[in-house]
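For reference, the structure is listed below as structure tokens.
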Amino acid sequence: MSIKDQFISFIHQLQNDICQSLETMDGGAKFREDRWDRAGGGGGITRVIADGNVFQKGGVNTSVVHGQLPAVMAQQFNVPDNSSFLAAGISLVIHPQNPFVPTVHANWRYFELYSADGQVADSWFGGGSDLTPYYIFEEDGAHFHRTFKEACDPFGKELYPQYKKHCDEYFINKHRNNEARGIGGIFYDYLRPQPERTAEALLQFQVANGSAFINSYLPIVAKRKDMPYTEAHTDWQEYRRGRYVEFNLIHDRGTLFGLKTNGRIESILMSLPPRARWEYDFQAAPGSEEAKLLEYLKPREWVKD
């Protein structure tokens, strides 16, 4: 089976596993599924959960799209306008009800670029997962980071620090004085097959990280979902979600790619929270738990060897 077909099979199974785990944790809401076709070629499976006991809104999407590469993307990749592509991936964002439960994002994807005669001219993997808490619990951040470090380490001890740094540098709102969206995780892109890291090895790296997601997040949800909270906690949650929206609409490469390749808008914007707020020149009270969060939105070492 080709690398492409193995990866497509994996993301569909992972989508099933993650959705089942989230439904079990929620104990009430179920995922709604939409299967859709892309006019230019391919399609996807969008699954959305909403108004649950634990999850206010969440989406777990897979897509396998192909066809002629849009001119704007051909220019970006410096290839002829008649080039074609295939992009396959799974993407998820989970927004909880309880402000003490963090939002989480993850995606794992594979891209093939074809020459005019249909041969694979280029291919690469990308992906990662990052955590966006509204209130800081150090043990939760350490658990999340440790889980992905343990997934990366068998493939090279240098990978987790490298991809953690990439995540810290990517998920920031540059227009907000480089404020981080959350406390990071790992993020990598353009992992191309090399003699020392074959396509098969890169595929196994993707599988290891994708398979680590459930254990990285659900133990945190289980620990925090029943904590009592107030309207003030929810206000802060929605204020911080405003920053999440800003990143996704202004800086996120996946969102921009989807828009430029005529992607399905409902699936692309699935990542946005149901409620967010913006307040003019809002400042967290000095010494508050809200102010404490802001101190943690800076690169730090979460895993002690």
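All of these numbers come straight from a predicted model, not from anything done at the bench. No hydrogens, no waters, no symmetry mates; every other heavy atom, side chains included, goes into these values.
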Worksheet entry | Salt-bridge present (E279, R277; N to O < 4.0 Å) | yes
Worksheet item: Judged by atom type as modelled, is there a donor-acceptor pair below 3.5 Å linking the side chain of D26 to the main-chain atoms of N53?
Response: yes
Worksheet item: Where the side chain of E290 meets the backbone of Q283, is there a donor-acceptor pair that is under 3.5 Å apart?
Response: no
Discussion item. Would the distance check show the side chain of K57 and the main-chain N or O of L272 forming a donor-acceptor pair, the cut-off being under 3.5 Å?
Written reply: yes
Worksheet item: Side chains of H105 and Y244: do they bring a donor and an acceptor to under 3.5 Å?
Response: no
Worksheet entry | Residues E112 and Y114: side-chain donor-acceptor under 3.5 angstrom | yes
Discussion item. Ignoring hydrogens, what is the shortest heavy-atom contact between S21 and I214? Give both atom names and the distance.
Written reply: OG-CD1, 3.4 Å
Item to complete: Kindly say whether K157 contributes a backbone atom to a donor-acceptor pair with the side chain of Q162 at under 3.5 angstrom?
Response: no
Discussion item. Check for me, please, whether F85 and L202 land in the same ILVMFWY cluster - side-chain distances under 4.5 Å, paths through other members count.
Written reply: no
Discussion item. Looking at C152, is its backbone amide N or carbonyl O close enough to the side chain of N209 to form a donor-acceptor pair, meaning the two atoms are under 3.5 Å apart?
Written reply: no
Worksheet item: Do NZ/NE/NH1/NH2 and the carboxylate oxygens of D168 and K298 come within less than 4.0 Å?
Response: no
Worksheet item: Ignoring hydrogens and geometry, is there a side-chain-to-backbone donor-acceptor pair from D140 to I220 under 3.5 Å?
Response: no
Discussion item. Taking the ring centre of each residue, are H233 and Y135 less than 6.0 Å apart?
Written reply: yes
Practice prompt. Tell me who clusters with F187, hydrophobic residues only, linked when side chains sit under 4.5 Å apart either directly or through other members.
Written response: Y170, F171, F247
Worksheet entry | Residues F282, Y239; criterion ring pair (Phe, Tyr, Trp, His ring centres under 6.0 Å); working and verdict | CA-CA 9 Å; F282 177 80; Y239 174 74; 4.6 Å; yes
Discussion item. Any salt bridge linking K174 with E169? Criterion: basic side-chain nitrogen under 4.0 Å from a carboxylate oxygen.
Written reply: no
Worksheet item: Is V93 linked to F55 within one hydrophobic cluster, defined over Ile, Leu, Val, Met, Phe, Trp and Tyr using a side-chain heavy-atom separation of less than 4.5 Å?
Response: no
Item to complete: Verify side chain to side chain contact (heavy atoms under 4.5 Å, CB included) between L131 and Y217, making sure each step is shown before the conclusion.
Response: CA-CA 9 Å; L131 199 67; Y217 183 58; 4.0 Å; yes
Fill in: Within-4.5 Å side-chain heavy-atom neighbours: V221 and P96
no
Item to complete: If a pair satisfies salt bridge (charged side-chain N to carboxylate O under 4.0 Å, His left out) and one of its residues is in residues 121-133, list it, with sequence neighbours excluded.
Response: D122-R192, D130-R181
Practice prompt. Would you please name every residue forming a side chain to side chain contact (heavy atoms under 4.5 Å, CB included) with K292, sequence neighbours left out?
Written response: I136, E289, Y296
Worksheet item: With no hydrogens and no angle check, do the side chains of D17 and Q13 hold a donor and an acceptor under 3.5 Å apart?
Response: yes
Worksheet item: Same cluster for I268 and I11 if Ile/Leu/Val/Met/Phe/Trp/Tyr side chains link at under 4.5 Å?
Response: no
Fill in: Ion pair D189/R109, N-O distance below 4.0 Å
yes
Practice prompt. Kindly indicate, with the supporting measurements, whether the criterion side chain to side chain contact (heavy atoms under 4.5 Å, CB included) is fulfilled by V207 and L14.
Written response: CA-CA 9 Å; V207 169; L14 184 60; over 6 Å; no
Worksheet item: So how far is it from L22 CG to I94 CD1, rounded to the nearest 0.5 Å?
Response: 5.0 Å
Item to complete: Could I get the full list of side chain to side chain contact (heavy atoms under 4.5 Å, CB included) partners for E150, not counting sequence neighbours?
Response: R146
Practice prompt. Report yes or no: does S211 contribute a side-chain atom to a donor-acceptor pair with the main-chain N or O of A208 at less than 3.5 Å?
Written response: no
Practice prompt. Answer with yes or no whether the hydrophobic clustering places L113 together with L86; edges join I, L, V, M, F, W, Y residues whose side-chain heavy atoms lie under 4.5 Å apart.
Written response: no
Item to complete: Would you check if the side chain of Q237 reaches a backbone N or O of Y134 as a donor-acceptor pair within less than 3.5 Å?
Response: no
Practice prompt. Using modelled atom types only, decide if a donor and an acceptor are shared between the side chain of R38 and the backbone of G41 within a distance under 3.5 Å.
Written response: yes
Discussion item. Hydrophobic cluster membership, with links at side-chain heavy-atom distances under 4.5 Å among I/L/V/M/F/W/Y: are I172 and V245 in one?
Written reply: no
Worksheet item: Can the ring centroids of F100 and Y229 be said to lie less than 6.0 angstrom from one another?
Response: no
Discussion item. Per the ring pair (Phe, Tyr, Trp, His ring centres under 6.0 Å) rule, what does the pair list look like for residues 1-48, sequence neighbours excluded?
Written reply: F7-F125
Worksheet item: For residues 89-101, which residue pairs qualify under side-chain hydrogen bond (donor to acceptor under 3.5 Å, both in side chains), counting only residues two or more places apart or in two chains?
Response: Q56-Q97, H95-T103
Worksheet item: CD of E200 to OG1 of T198: how many Å apart, nearest 0.5 Å?
Response: 6.5 Å
Worksheet item: Is there a donor-acceptor pair closer than 3.5 Å between any side-chain N or O of Q15 and the backbone N or O of V60?
Response: yes
Item to complete: Before accepting this row, confirm whether a basic side-chain N of the pair R47/D34 lies closer than 4.0 Å to the acidic partner's carboxylate O.
Response: no
Item to complete: Please confirm whether Y188 and F205 have ring centers closer than 6.0 angstrom.
Response: yes
Worksheet item: Is the closest side-chain donor-acceptor distance between E246 and N248 under 3.5 Å?
Response: no
